[in-house]
Structures are given as C-alpha cells and as structure tokens.
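One is the number of the first residue; the rest follow in order along the sequence. Whatever order the structure lists ligands and atoms in, that order sets their numbers, starting from 1.
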Amino acid sequence: SVISITDVLAGKFPVNEEITVHGWIRTRRDSKAGISFLAIHDGSCFDAIQAVVPNDLNNYDEEVLKLTTGCSVKVTGTLVESQGQGQAFEIQATGVEVLGYVEDPDTYPMAAKRHSIEFLREQAHLRARTNLGGAVTRVRNTLAQAIHRFFHEKGYFWIATPLITASDCEGAGEMFRVSTLDMENLPRTDKGEVDYSEDFFGKEAFLTVSGQLNVETYCSALSKVYTFGPTFRAENSNTSRHLAEFWMVEPEIAFADLSDAADLAEDMLKYVLKALLEERADDMAFFQQRVDKTVIDRLKALISTDFVRMDYTDAIEILENCDKKFENPVSWGIDLNSEHERYLAEEHVGAPIILQNYPKDIKAFYMRLNEDGKTVAAMDILAPGIGEIIGGAQREERLDVLDARLSEMDLDPADYSWYRDLRRYGTVPHAGFGLGFERLIAYATGIANVRDVIPFPRTPNNAAF
Ligand code: 4AD
Ligand code: MG
C-alpha cells in the first residue's frame with residue numbers, strides 16, 4: 001500500500017533502503033551542480049519530504065526539469081538521513097515518474113506564492129492543496145475526532161438526528177424549505193394557499209436548524225447523548241461568522257441543570273483544544289506563524305484556567321458602565337450584538353466567558369423559566385475574536401410551564417405533541433448546548449472567517465458545486 005509522508009518523516013522506515021512515495025510537488029529548486037531538489041507533499045501532514053534528483057536520471061531533462069508546483073509524482077529512491085536543516089530524512093531519488101503535469105503553470109491558480117484568503121475562497125476546489133487549506137483540513141479532522149472521543153469516553157451515545165424536519169427548533173423562521181412541488185404550478189387550497197398536503201411528506205418540511213429537539217427524545221431514554229452533524233439556516237447574514245450550512249455538536253444530559261451543561265461545555269472545549277495542540281503541532285505552528293501570533297498561547301491559557309461565568313444582568317451593567325461606545329445601545333432586555341459579546345470576552349475578561357440567565361423574551365420556547373419569572377436558564381459561551389461559539393440551556397421539563405410558554409409565543413401545542421409527551425411520561429430535568437463547529441475551528445486557528453474553515457462554504461448567493 002501507499003506509504004504516507006507522515007510515516008516517512010516520523011522515522012518509521014529504515015534508512016539506506018529503497019522507498020517509494022507519492023505526492024504533489026510543492027517546489028522545485030535546481031542547483032548549478034546539476035541536481036534538483038523536489039519538495040513533495042501528500043497532505044498527510046504539513047511538511048513535505050525532499051527528494052534529491054541527480055541529472056543522470058534518464059528523464060531528467062525531459063521531465064524532471066518540467067516539474068512545477070502541483071504536478072503529481074511517484075518517487076523511488078534511497079531513504080537517507082538529511083544533512084541540511086529542516087527534515088530529518090530525505091530521498092536520494094533513483095526514479096521520478098510523473099503522474100500528472102500542471103497544464104500551463106503560469107495560470108495555475110495555486111502556484112507557489114502567497115494568496116489572499118479571499119482569492120483562495122473562490123478556488124474552493126483547489127484550495128486544499130495550499131499550506132493553509134491543508135492545515136485547516138487536518139485541524140478540522142482532529143477536532144471532530146477529539147469531540148467524538150470526548151463524548152465516547154464520558155459515556156455519551158451519538159444519535160443521528162434528522163436533517164429533514166417539520167419543527168423550527170429555534171423559532172427564528174430561518175428554515176430552508178424541502179419540497180418536490182412544481183414551483184411553476186403550485187397546488188392551492190380553496191383559500192389560495194399553497195397546499196402542502198400534495199407535497200412529498202404530506203406537509204411542510206424543512207432542513208433542520210438544530211438537532212436539539214430530536215436529541216432530547218433520546219436523552220429522555222439513554223440519559224447522555226449527543227448529535228454532531230450539519231445544520232442549515234437561511235439567515236441573510238453576510239458576516240464572518242455565519243454560514244447557511246454549518247456543523248453543530250449538541251450534547252444533551254438527563255438529570256442535569258444549567259451548571260452541568262456549562263461544566264460539560266468547558267470540559268469539552270479544554271479536552272479538544274488540548275488534543276489539537278498535541279496532535280497537530282505542525283499545523284498549529286503554521287497558524288501561529290502565518291495567521292495569528294498569539295494562537296498557541298491563547299489556547300494554552302484557555303486550557304489551564306477556569307472560564308468566567310457571569311449573569312446576563314451583570315453583563316448588561318458592565319456594558320452600560322464601560323467607556324466603550326457601542327453602535328447598538330445597551331439596556332436590560334436587548335439581545336447582545338457581536339460588538340457587545342466581543343467587548344465582554346476580549347476586553348473585559350480577555351478569555352472565553354459563559355454568560356447565563358438571559359431574558360426569556362429573547363430566547364427560545366424550550367428554555368427553562370427561572371424563579372424570577374423573567375429570565376431563563378440559558379447560557380452562551382463567548383470567545384475572544386469571534387463572539388458566541390456555544391448556545392445552550394436547561395430545558396423546560398414542567399409540562400404546565402412549557403404549555404404556558406408555547407401559548408405565550410403563539411406556538412401550536414399540536415405541533416409539539418411528541419415534545420410534550422417527553423414531559424408527560426417520566427419527565428426529568430435536563431440540559432444541553434450547541435457548539436458551532438466552524439466557529440470553534442476559527443477560534444482554534446485564528447482564522448477570521450468561518451468560510452475558510454469548511455471545505456465548501458454555503459452563504460447567500462454562493463452554492464457553487
Ligand atoms: O445558539 P444556537 O442557535 O442554539 C441552538 O441551535 C440550540 N438548539 C443548541 C442546543 O442547545 N442544542 O446555535 C448554536 C451555535 C451558536 O452558538 C453558534 O456557534 C453556531 O451554533 N451557529 C452558527 N454557526 C455558523 N453559522 C451560523 N449561521 C450559525 N448559527 C449558529
Ligand atoms: Mg445562540
């Protein structure tokens with residue numbers, strides 16, 4: 001089977017023996033002495049391996065000297081300890097087979113020079129080949145694996161919640177419709193409204209904005225569960241932290257309250273960021289050097305300090321009394337804007353902060369009403385540089401209070417009969433949260449825009465391939 005360059009650089013193969021690697025050319029350099037140096041990478045790690053190619057190879061002039069960034073090759077040679085600095089090993093090539101040239105290297109969009117992140121975004125099909133694109137992809141994978149490992153080690157079950165649903169979990173009306181109706185010839189009821197009983201599911205259906213309501217059903221049976229998958233929001237937010245399609249991690253814990261959910265969120269973030277620093281030191285060193293000089297120190301500090309927890313009401317007081325002039329005025333009851341969240345996280349504490357107990361009027365119907373009757377047991381985790389990365393709550397487990405909330409918010413209890421059943425049959429206190437996976441990756445790498453941490457970003461007016 002094909003050998004990965006990661007394993008070669010890790011010293012897993014004997015020196016002074018023949019080896020064959022496959023990959024793409026990062027750079028080619030030719031010495032006056034008639035030797036070429038090829039840096040070959042296969043994406044398995046940040047680093048490339050150097051192949052030293054002598055000019056007596058039979059295809060040296062014809063082929064080796066035509067290699068440019070992005071060409072694919074199979075290189076055979078002797079693995080030796082490297083004399084120069086950088087890698088510990090290199091290959092003294094005895095054969096270079098060209099698998100694919102780059103047509104017209106002058107116009108190859110991923111040529112070996114620094115590209116702006118905006119330019120790379122327009123080349124979504126090629127950007128994984130760049131140093132940045134490769135590093136982001138490996139970091140994303142490491143974080144996803146660490147998330148599953150964290151929950152597995154803690155005894156949580158991974159639940160597949162549906163992507164197609166009839167429920168608007170967040171009640172924000174930001175759902176994409178799923179329909180097979182003929183748009184040019186929509187069936188109508190007597191009242192002239194679109195008749196969704198004619199549609200595929202026999203009723204209106206949408207892409208999910210959150211797996212929470214569904215995962216609550218499994219929480220009410222298996223106690224500790226989580227879902228981790230894509231979610232969709234048709235919010236017209238052209239910002240650096242919103243995607244129309246993003247991934248969410250949503251644990252749900254039975255016999256638990258808000259502070260249990262906050263503890264779990266804090267433990268999870270620390271666990272996965274520690275795993276990232278340990279497992280992807282190569283890529284993190286690159287982000288530190290190229291993207292954000294403080295990123296590694298920032299993550300280390302986060303791992304080793306307790307998160308500050310603060311009530312919404314206290315946060316409002318801090319915002320009202322600080323020197324900063326905000327574009328959006330502050331008063332009790334407002335939904336915090338990104339500028340407020342960032343002030344609290346960046347300037348007030350200088351680290352992630354857990355804000356709790358928000359006014360009920362700005363939060364979803366399922367959040368548990370507090371004793372004061374005006375706040376709910378909600379929490380958001382706000383991170384420097386990005387703002388909200390986690391939103392969660394203790395859920396309303398009391399049927400009468402839930403029903404009162406539904407009617408207060410003009411929601412039809414019939415639409416929530418299955419959700420109400422959970423409260424009718426053996427209800428338990430429970431709590432959970434949702435982590436925006438792309439926001440976590442942005443925070444963990446220092447990359448400013450969530451569009452650059454998902455392979456194929458979906459945003460308003462952009463659903464290319
Ligand atoms: O705060 P949100 O809307 O919470 C929920 O959906 C709950 N049902 C979660 C739960 O309790 N199980 O979203 C959760 C997180 C946000 O904190 C944010 O990080 C991320 O999802 N998020 C987005 N990420 C990228 N693009 C968007 N458009 C996002 N909207 C929310
Ligand atoms: Mg939220």
Side-chain angles (χ1 to χ4, degrees), residues 143 147 151 156 159 161 165 167-176 207-219 225-253 256 258 260-262 264-265 268-269 312 335-338 340-342 345 352-356 358-359 362-368 376-383 385-396 419 430-444 447-454 457-460 462:
L143 287 170
I147 285 165
F151 286 115
Y156 283 71
I159 308 299
T161 49
T165 178
S167 317
D168 184 357
C169 173
E170 293 306 297
E174 292 166 340
M175 311 229 288
F176 288 102
L207 292 178
T208 190
V209 296
S210 159
Q212 178 201 322
L213 302 185
N214 297 89
V215 94
E216 275 186 64
T217 68
Y218 272 72
C219 175
V225 296
Y226 71 107
T227 175
F228 183 7
T231 50
F232 308 87
R233 296 197 185 179
E235 51 196 339
N236 203 358
S237 307
N238 250 316
T239 77
S240 59
R241 52 184 213 148
H242 289 89
L243 291 162
E245 177 178 299
F246 64 100
W247 283 60
M248 220 200 303
V249 180
E250 299 184 90
E252 196 70 31
I253 343 164
L258 184 66
D260 295 317
L264 183 70
M268 180 197 69
L269 289 174
Y312 167 93
D335 203 357
L336 298 182
N337 286 98
S338 145
H340 308 130
E341 296 181 343
R342 293 185 59 167
I353 166 174
I354 306 184
L355 269 199
Q356 300 171 322
Y358 284 74
I362 58 169
K363 289 291 182 183
F365 76 94
Y366 54 73
M367 297 190 178
R368 193 178 196 278
V376 286
M379 68 153 182
D380 279 0
I381 300 191
L382 315 177
I386 180 131
E388 179 190 337
I389 57 170
I390 283 181
Q394 184 171 342
R395 319 308 184 187
E396 187 54 77
Y419 192 71
H430 62 291
F433 63 83
L435 163 74
F437 188 46
E438 286 72 23
R439 291 193 189 175
L440 172 69
I441 304 168
Y443 178 73
I447 288 179
N449 195 316
V450 288
R451 296 168 195 211
D452 302 318
V453 302
I454 188 166
R458 294 290 175 259
T459 51
N462 183 7

Nitrogen or oxygen atoms of [X] and ligand 1 under 3.5 Å apart:
X: Ser210; result: yes
X: Glu388; result: yes
X: Cys169; result: no

Nearest protein heavy atom to [atom], by residue and atom, and its distance?
atom: atom 3 (O) of ligand 1; value: Arg233 NH1, 2.8 Å
atom: atom 12 (N) of ligand 1; value: Glu250 OE1, 2.7 Å
atom: atom 19 (O) of ligand 1; value: Ile389 O, 2.9 Å
atom: atom 20 (C) of ligand 1; value: Gly436 CA, 3.6 Å
atom: atom 11 (O) of ligand 1; value: Arg395 NH2, 2.9 Å
atom: atom 26 (N) of ligand 1; value: Leu243 N, 2.9 Å
atom: atom 24 (N) of ligand 1; value: Phe246 CD1, 3.4 Å
atom: atom 18 (C) of ligand 1; value: Arg439 NH1, 3.5 Å

[X] and ligand 1 - part of the residue with a heavy-atom distance under 4.0 Å:
X: Ile390; answer: backbone
X: Glu252; answer: neither
X: Glu170; answer: side chain
X: Met248; answer: side chain

Fill in: Options Ala431, Gly434, Ser237, Ala364, ranked by nearest heavy atom to atom 14 (C) of ligand 1, top entry
Gly434
Discussion item. Within less than 2.8 Å, report the number of protein N/O/S atoms around the Mg ion (ligand 2).
Written reply: 1
Item to complete: Answer with yes or no whether the side chains of Tyr366 and Gln212 bring together a donor and an acceptor at under 3.5 Å.
Response: yes
